[in-house]
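In this chain, residues are counted from 1 in sequence order. Only heavy atoms go into these numbers, but all of them, side chains included; no hydrogens, no water, no symmetry mates.
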Amino acid sequence: MPIYFYSPLEGPYGCFSNFSPHAVDLDGLWWPTVEHFFQAQKFAGTPHAEAILRAGSPKRAKELGQSRRQPLRSDWEAVKEEVMRRAVLRKFELHHGIRALLLSTGVEELVENAPSDYYWGCGRDGSGKNMLGRILMEVRETLRCRGGG
């Protein structure tokens, strides 16, 4: 039976959300959330990326990251999944409690129940790619193979 998650404030699996308050250390910096890191990578090496790092909430980081006042890095479409994979893996490497919860999901399908996101989530009608859910399942397997419990 699939496990659905979306908001970090809802249900036992809310910590699977990129908005959950689990900081990550990547590329020599501490990022307040995976969302901060992910959105900033669209503008890596620019003052806009630094502004996203300092955003007061993951929601604000996403708003800044979705602004098209600044140009996206030219390779973004090619690298965005790997950027997400790195950040999600690091989150679950660093935070033991949520790593244990992720591993406890066994082989269940993980689905980001994001009604307006048909790429990272399942979309309103369930036809989305669910790339965040897929990455979480990959990370779960990676951690299991490492003996990450």
Side-chain angles (χ1 to χ4, degrees), residues 1-44 48-49 52-53 55-68 72-149:
M1 179 178 231
I3 294 171
Y4 292 89
F5 66 95
Y6 182 54
S7 168
L9 304 175
E10 295 175 9
Y13 302 103
C15 61
F16 294 173
S17 165
N18 290 338
F19 279 40
S20 73
H22 295 92
V24 293
D25 61 332
L26 286 164
D27 300 337
L29 296 169
W30 271 99
W31 301 87
T33 67
V34 166
E35 192 69 22
H36 282 78
F37 176 78
F38 179 78
Q39 295 297 336
Q41 297 318 296
K42 296 176 179 180
F43 313 96
H48 194 58
I52 293 170
L53 169 64
S57 70
K59 180 180 181 190
R60 182 66 182 138
K62 184 174 183 176
E63 290 168 356
L64 290 169
Q66 290 182 330
S67 166
R68 292 301 170 257
L72 288 174
R73 57 191 271 188
S74 60
D75 64 346
W76 181 245
E77 288 302 312
V79 302
K80 67 184 181 183
E81 289 179 18
E82 187 53 34
V83 168
M84 183 69 80
R85 193 172 284 108
R86 279 185 64 222
V88 171
L89 176 61
R90 189 67 184 137
K91 173 180 166 177
F92 287 92
E93 286 174 337
L94 286 174
H95 301 281
H96 304 293
I98 63 172
R99 179 172 63 227
L101 182 63
L102 179 62
L103 290 170
S104 78
T105 63
V107 297
E108 296 297 336
E109 181 182 14
L110 304 177
V111 180
E112 186 188 27
N113 195 20
S116 61
D117 192 335
Y118 286 79
Y119 187 82
W120 297 108
C122 68
R124 186 167 310 285
D125 64 3
S127 68
K129 289 186 170 189
N130 187 37
M131 290 308 299
L132 179 56
R134 292 178 187 208
I135 286 171
L136 279 162
M137 291 182 284
E138 289 175 22
V139 164
R140 178 179 65 195
E141 188 58 27
T142 297
L143 294 171
R144 184 176 290 124
C145 288
R146 290 183 186 170

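In this structure, CZ on Arg86 lies 12.5 Å from CD1 on Ile135, to the nearest 0.5 angstrom. In this structure, CG in Leu103 is found 12.0 Å from NE2 in His96, a value given to the nearest 0.5 Å.
Residues forming a side-chain hydrogen bond (donor to acceptor under 3.5 Å, both in side chains) with Arg124 (at least two apart in sequence, or on another chain): none. Under the rule for a side chain to side chain contact (heavy atoms under 4.5 Å, CB included), the partners of Phe19 that lie at least two apart in sequence or sit in another chain are Pro8, Ser17, Glu35, Pro58, Lys59, Lys62. Taking the side chain to side chain contact (heavy atoms under 4.5 Å, CB included) definition, one finds that Thr105 meets it with Ile3, Tyr13, Phe16, Leu102, Leu110, Arg140, sequence neighbours left out. By the salt bridge (Lys or Arg N to Asp or Glu O under 4.0 Å) test, Glu10 pairs with no residue at all, sequence neighbours left out. Contacts of Asp75 classified as salt bridge (Lys or Arg N to Asp or Glu O under 4.0 Å), with partners at least two apart in sequence or in another chain: Arg73. For Glu93, the salt bridge (Lys or Arg N to Asp or Glu O under 4.0 Å) criterion is met by Arg90, Arg146, not counting sequence neighbours.
In this structure, Leu89 and Arg85 have side chains that are not in contact, with every pair of non-hydrogen atoms separated by 4.5 Å or more. Proximity of Glu141 to Arg144: side-chain heavy atoms (C-beta onward) are separated by under 4.5 Å at one or more points. Side-chain contact check for Glu112 versus Asn130: some heavy-atom pair is nearer than 4.5 Å. Side chains of Arg60 and Gln39 form no contact here, defined as non-hydrogen atoms less than 4.5 Å apart. Under the 4.5 Å side-chain criterion, counting only non-hydrogen atoms from C-beta, Trp120 is in contact with Glu81. A heavy-atom distance below 4.5 Å is not found between the side chains of Lys91 and Leu136. Looking at heavy atoms from C-beta onward, Asp125 lies in side-chain contact with Tyr118 at the 4.5 angstrom threshold. With a 4.5 Å cut-off on side-chain heavy atoms, Cys15 and His95 do not count as touching.
Residues Asn113 and Cys122 approach most closely at OD1-SG, 3.5 Å, considering heavy atoms. For the pair Pro2 and Glu108, the tightest heavy-atom approach, listed with the atom from each and the gap, is N-OE1, 4.2 Å. Across every non-hydrogen atom of Thr33 and Ser20, the tightest pair is CG2-O, 3.4 Å. The heavy-atom pair separating Val139 from Phe92 by the smallest distance is CG1-CB, 4.3 Å. When all heavy atoms are compared, the tightest approach of Ser67 to Phe43 is O-CZ, 3.9 Å. Across all non-hydrogen atoms, the minimal contact from Leu94 to Ala23 is CD1-O, 3.8 Å.
For the pair Lys80 and Tyr119, the distance from NZ or CZ to the six-membered ring centre is under 6.0 Å and the angle to the ring normal is within 45 degrees.
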